[in-house]
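These figures come from a predicted structure and were not determined experimentally.
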Amino acid sequence: QVQLVESGGGLVQAGGSLRLSCAASGRTFATFRMGWFRQAPGKEREFVASINWGGGVTPYPDSVKGRFTISRDNAKNTVYLQMNSLKPEDTAVYYCAASSGTGSAFSRREYAYWGQGTQVTVSS
């Protein structure tokens with residue numbers, strides 16, 4: 001069992017930065033693929049970033065490429081999402097997720113564990 005708790009969300013002006021953190025419980029954190037997804041009002045939850053146990057990063061979607069960076073610290077059981085050059089369209093609830101599977105990192109169905117989400121609001 002893995003429990004995930006996100007933090008770091010908030011209100012920021014366009015062009016600003018935020019760093020989201022996701023603290024995981026459990027001694028097997030280092031073996032999990034970790035992901036970030038987001039969901040805007042009225043839209044489906046979409047993939048943002050993923051990192052495997054060894055630090056390998058899945059290609060970012062075009063919507064965040066060059067602006068967002070995922071990283072992890074296995075010693076601290078924490079995964080991060082650095083978000084720079086934020087845009088109003090980045091406004092969403094951001095979810096951290098953990099997967100022990102070997103399927104597609106892009107699919108939310110691969111992730112068995114989810115945090116409760118943290119709100120990110122970008123004002124224009």
Side-chain angles (χ1 to χ4, degrees):
Q1 189 77 6
V2 176
Q3 291 186 323
L4 305 172
V5 179
E6 302 98 335
S7 61
L11 174 64
V12 64
Q13 288 190 329
S17 298
L18 284 174
R19 188 175 81 155
L20 305 184
S21 299
C22 173
S25 65
R27 291 174 291 180
T28 59
F29 171 80
T31 67
F32 281 81
R33 169 180 293 281
M34 300 300 297
W36 287 97
F37 289 75
R38 68 185 182 185
Q39 189 166 18
K43 295 188 176 181
E44 300 233 338
R45 193 170 298 188
E46 64 175 0
F47 172 80
V48 173
S50 177
I51 187 167
N52 67 18
W53 64 272
V57 176
T58 302
Y60 298 91
D62 289 344
S63 57
V64 307
K65 190 182 300 180
R67 301 187 299 120
F68 290 12
T69 303
I70 189 171
S71 61
R72 68 189 295 162
D73 185 336
N74 288 339
K76 295 183 178 179
N77 279 14
T78 301
V79 63
Y80 305 98
L81 184 68
Q82 178 67 43
M83 305 187 296
N84 298 328
S85 303
L86 282 161
K87 304 175 181 180
E89 50 263 45
D90 294 318
T91 295
V93 177
Y94 283 71
Y95 295 91
C96 173
S99 168
S100 59
T102 57
S104 171
F106 302 99
S107 173
R108 60 181 186 265
R109 286 185 289 275
E110 285 298 313
Y111 297 82
Y113 306 102
W114 291 84
Q116 300 225 348
T118 185
Q119 176 71 47
V120 171
T121 303
V122 184
S123 63
S124 58

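- For the pair Thr31 (side chain) and Thr28 (backbone), a donor-acceptor distance under 3.5 Å is present.
- Contact annotation: the side chain of Thr78 never approaches that of Phe29 to less than 4.5 Å [non-hydrogen atoms, C-beta and beyond].
- Side-chain N or O atoms of Tyr111 include none that pairs as donor or acceptor with a backbone N or O of Gly101 at under 3.5 Å.
- Cation-pi geometry between Arg108 and Phe37 is not satisfied (NZ or CZ under 6.0 Å from the ring centre, within 45° of the ring normal).
- Although no hydrogens or angles enter the test, the distance criterion places a donor-acceptor pair under 3.5 Å between the side chain of Arg72 and the main chain of Asn52.
- Atom-to-atom distance recorded for Met34:CE and Asn74:CG is 9.5 Å, nearest 0.5 angstrom.
- Considering only heavy atoms from C-beta on, Ser17 stays 4.5 Å or farther from Met83 through its side chain.
- Checked for salt-bridge contact, Asp90 and Lys87 miss the test: no charged N lies under 4.0 Å from a carboxylate O.
- Contact check for Ile70 versus Val48: no side-chain heavy atoms found under the 4.5 Å cut-off.
- Ser85 places no side-chain N or O within 3.5 Å of a backbone atom of Gly15 that could act as its donor or acceptor partner.
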Assess the residue pair Arg33 and Thr58 against the criterion (side chain to side chain donor-acceptor pair (under 3.5 Å)); give the C-alpha distance rounded to whole Å, side-chain angles, the decisive distance to 0.1 Å, and a yes or no. CA-CA 10 Å; Arg33 169 180 293 281; Thr58 302; 3.1 Å; yes

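- Under a cut-off of 6.0 angstrom, the local environment of CD in Gln119 is crowded, with over 12 non-hydrogen atoms contributed by other residues, nucleotides or ligands.
- A donor-acceptor pair is defined here as one N or O able to donate and one able to accept, closer than 3.5 Å; no such pair exists between the side chain of Thr118 and the backbone of Ser7.
- Atom CD of Glu89 is surrounded by more than 12 heavy atoms from other residues, nucleotides or ligands within 6.0 Å.
- A donor-acceptor distance shorter than 3.5 angstrom exists from the side chain of Glu6 to the backbone of Cys96, with no hydrogens or angles considered.
- Between Arg67 and Tyr60, every side-chain heavy-atom pair lies at or beyond the 4.5 Å cut-off.
- Under the rule for a side-chain hydrogen bond (donor to acceptor under 3.5 Å, both in side chains), the partners of Glu46 that lie at least two apart in sequence or sit in another chain are Arg38.
- The shortest distance between side-chain heavy atoms of Tyr113 and Gln1 falls below 4.5 Å.
- Thr91 places a side-chain N or O within donor-acceptor distance of the main-chain N or O of Val122, the cut-off being under 3.5 Å.
- Between Gln82 and Asn84, the closest side-chain pair of non-hydrogen atoms falls below 4.5 Å.
- At least one side-chain heavy atom of Cys22 sits less than 4.5 Å from a side-chain heavy atom of Trp36.
- Contact check for Val12 versus Thr121: no side-chain heavy atoms found under the 4.5 Å cut-off.
- Within 6.0 Å of CH2 in Trp114 there are more than 12 heavy atoms belonging to other residues, nucleotides or ligands.
- Note that CZ of Phe32 and CG of Leu4 are 9.0 Å apart. Values are rounded to the nearest 0.5 Å.
- Listed for the Ser99 side chain is a donor-acceptor partner under 3.5 Å among the backbone atoms of Glu110.
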